[in-house]
Amino acid sequence: MNKFEALGLDNAIVRAVTELGFESPTPIQEKTIPALLNADTDLVALAQTGTGKTAGFGLPLISKIDFTSRDTQALIMCPTRELCMQITRDLQNYTKYINGAHIVAIYGGASIDNQTRDIKRGAQIVVATPGRMVDMIDRRRVNLSSVKVAVLDEADEMLNMGFKEDLDTILSQTPEEKNTWLFSATMPDEVLRISKNYMENPVEITAGVKNQGNDNIEHIYYVVQARDKYAALKRIADSNPDIFAIVFCRTRIETQEIAESLIKDGYGADSLHGDLSQAQRDQVMKRYRSRSLQMLVATDVAARGIDVNDVTHVINYNLPDEIENYTHRSGRTARAGKKGVSICIINMKEVGKIRIIERIIKKKFIQGTIPTGFEACEKQLFSLVSKIHNVEVNEAAIEAYMPKIYDELKDLSKEDIIKRFVSTEFNRFLDYYKNAPDLNASVGRERSSQPGITKLFINLGEMDSLDRNSLREYISEVSGVDLNSITNVEVKGSFSFVEVKSEVAEIITGTFKNQRYNNRSVRIESRGNKETGEGRTRDRGRGSYGGGERRSFGGNRGGYGGGDRRGSYGEKKSYGNSDRADRGERRDREYGDKKKSYSGEKSFSKGSASGGGDRKSNFSREKRPRKQF
Ligand code: AMP
């Protein structure tokens with residue numbers, strides 16, 4: 001027996017939800033559906049967004065409606081237009097196989113006459129935002145005297161938004177004997193007051209502990225200098241090539257500025273804030289929902305009720321003024337059992353606020369390290385490889401060109417073709433990131449685990465066929481520093497960390513200033529030394545958020561990553577951009593001739609930067625996630 005059928009739901013509903021891919025009820029549905037089906041009762045449910053609460057109240061609600069009548073029998077109140085439309089859509093889907101079902105959305109910013117007409121046609125269920133509903137009541141355009149059930153969804157949000165009086169007005173228009181079902185992510189006193197005033201012995205359901213964040217959300221904070229926030233945001237985005245994020249800002253102006261800077265830097269981004277008209281909001285949301293945008297930059301108020309699945313990251317560009325809002329923000333990710341990340345980009349003075357949030361959500365944050373430019377490069381590279389692997393080939397369209405393409409590439413081995421193909425994009429990442437500074441503020445992070453020892457970063461690693469010993473020898477040889485002064489070496493894919501006695505740190509960084517390895521500039525710097533990167537000086541003041549690394553491979557201009565063309569390698573126009581294509585070729589040639597400026601031991605040169613077997617095995621070590629878009 002189907003699990004929804006087992007809960008007592010009708011065939012028509014079970015069929016519709018099965019078609020939507022619902023296999024088994026979510027925990028909240030397991031509780032609400034039988035409780036509401038089997039009795040005419042009031043209900044108070046503490047439930048986060050994304051738990052399946054719409055079906056939790058929607059399915060039993062539909063079961064109680066007489067769809068042969070045209071009377072309005074159910075009223076659902078919710079805080080925002082987005083949520084209103086979402087609930088309406090969901091209920092329309094659930095009633096797909098029920099004849100005569102008519103569900104109408106009532107919200108501000110759209111024609112009140114059209115909405116009145118919709119209601120007059122006979123809407124058994126009305127989903128409304130409070131402001132517009134009061135308007136309809138004032139104009140006597142809605143009759144709520146037959147309402148059997150009133151649902152208050154996201155009650156805490158409605159009160160936060162100042163709808164208390166409107167709710168009182170609306171509920172006073174409904175019959176005393178109706179049932180009220182209240183859903184809220186938190187239970188502040190005001191919500192409890194509503195439950196006391198309007199309910200009698202409500203069934204109480206908790207889907208999650210009070211104020212506790214969703215377990216599927218990982219909370220991470222990054223400490224950066226205030227001036228590096230924007231660069232940090234971009235670095236985070238670049239290190240997560242499949243990012244689909246909501247970036248929260250405090251003010252409308254900041255929202256707009258960040259979105260504009262992101263767009264200028266080539267990301268698929270846009271802003272959502274109170275100054276937009278309804279039509280503009282709808283347009284932005286449409287683009288976001290369809291994944292044309294990678295990042296939606298929003299204020300708290302504008303983002304309320306946004307119901308988009310698969311948001312991978314919530315980024316708190318600024319911490320919310322009200323700490324409670326943190327729960328609402330982070331609840332936009334990890335919906336429907338999926339995993340998500342909630343990130344806070346903070347400055348050193350805000351660490352205390354993180355501790356307060358931890359206490360409220362009863363979860364610990366992880367302190368993250370903003371990835372280095374090279375780490376971001378690596379992520380982008382593997383993402384590119386994964387996209388190449390998964391791209392759908394249009395055999396019919398490409399067939400005619402294949403003989404010429406084969407002919408053009410006939411003198412290249414398979415390995416060479418792969419390297420060159422990947423390099424057309426990857427070289428640009430490398431170029432772009434080659435002088436990217438460390439963005440982590442040094443507070444709370446140890447420069448080294450031991451006193452008298454300094455930790456250095458070097459942009460050479462496994463991909464250069466170096467291991468601990470060979471890298472140590474190389475550094476010693478170039479700098480003339482005794483091997484014993486290099487106390488520890490940690491070799492990563494494209495970079496390494498080297499711990500050295502503090503007194504030789506400057507000698508090493510100094511002697512490496514113009515050093516090249518396999519024709520690549522070697523960069524070695526003290527971890528946490530933020531002013532050494534040339535990129536910072538070069539780029540400062542470019543965008544409104546200055547200090548940024550300009551992302552030349554950006555999306556809207558046909559590059560890699562964000563933008564409207566995101567997600568499909570085949571759609572890009574990078575070949576058409578002669579500037580970038582030229583740069584790519586130049587880099588290819590450099591790699592191709594394998595000239596080495598370092599003339600030391602043979603072992604340093606065995607893996608040229610153009611990549612050999614070693615480098616390939618390094619690439620294949622990391623499994624990229626399947627693309628989501
Ligand atoms: P909600 O909390 O109602 O906003 O639901 C979050 C998401 O979960 C929506 O996209 C629903 O379509 C989806 N959903 C709700 N119930 C189920 C279920 N039983 N199985 C799978 N997905 C569900």
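We count ligands from 1, going down the list as the structure has it; atoms in each ligand are counted the same way.
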So, 4.0 Å and heavy atoms of Gly56: is ligand 1 close enough to count as a contact?
no

Salt bridge flag under 4.0 Å for residues Arg121 and Asp118:
yes

The residue among Lys286, Arg289, Arg287 that forms salt bridge (charged side-chain N to carboxylate O under 4.0 Å, His left out) with Asp270 is Arg287

Out of all atoms in ligand 1, which are within 4.0 Å of some heavy atom of Thr26? Include the element for each.
16 (N), 17 (C), 18 (C), 19 (N)

Take atom NZ of Lys64 as the centre, draw a 6.0 Å sphere, and report whether it contains more than 12 heavy atoms from other residues, nucleotides or ligands.
yes

Ion pair Asp135/Arg139, N-O distance below 4.0 Å
yes

Candidates Asp310, Ile87, Asn309, Ile28; heavy atom nearest atom 9 (C) of ligand 1 found on Asn309

By the ring pair (Phe, Tyr, Trp, His ring centres under 6.0 Å) test, which pairs, at least two apart or in different chains, include something from residues 30-75?
Phe57-Phe183

Backbone N/O of Thr80 and side chain of Glu82: donor-acceptor pair under 3.5 Å
no

Under 4.0 Å from ligand 1, counting heavy atoms only, is it the side chain of Gln29, its backbone, both or neither?
side chain

Does only the side chain of Phe4 get under 4.0 Å from ligand 1, or the backbone, or both, or neither? Count heavy atoms.
side chain

Tell me whether Gly52 has any N or O atom under 3.5 angstrom from an N or O of ligand 1.
yes

Proximal ligand 1 atoms for Ser24, defined as those under 4.0 Å from one of its heavy atoms
18 (C), 19 (N), 20 (N)

Got a donor-acceptor contact below 3.5 angstrom from the Asn316 side chain to the Ile343 backbone?
yes

Within a distance under 4.0 Å of any heavy atom of Thr54, pick out the atoms of ligand 1 and give their elements.
1 (P), 3 (O), 4 (O)

Just which atoms of ligand 1 are under 4.0 Å from any heavy atom in Lys53?
1 (P), 2 (O), 3 (O)

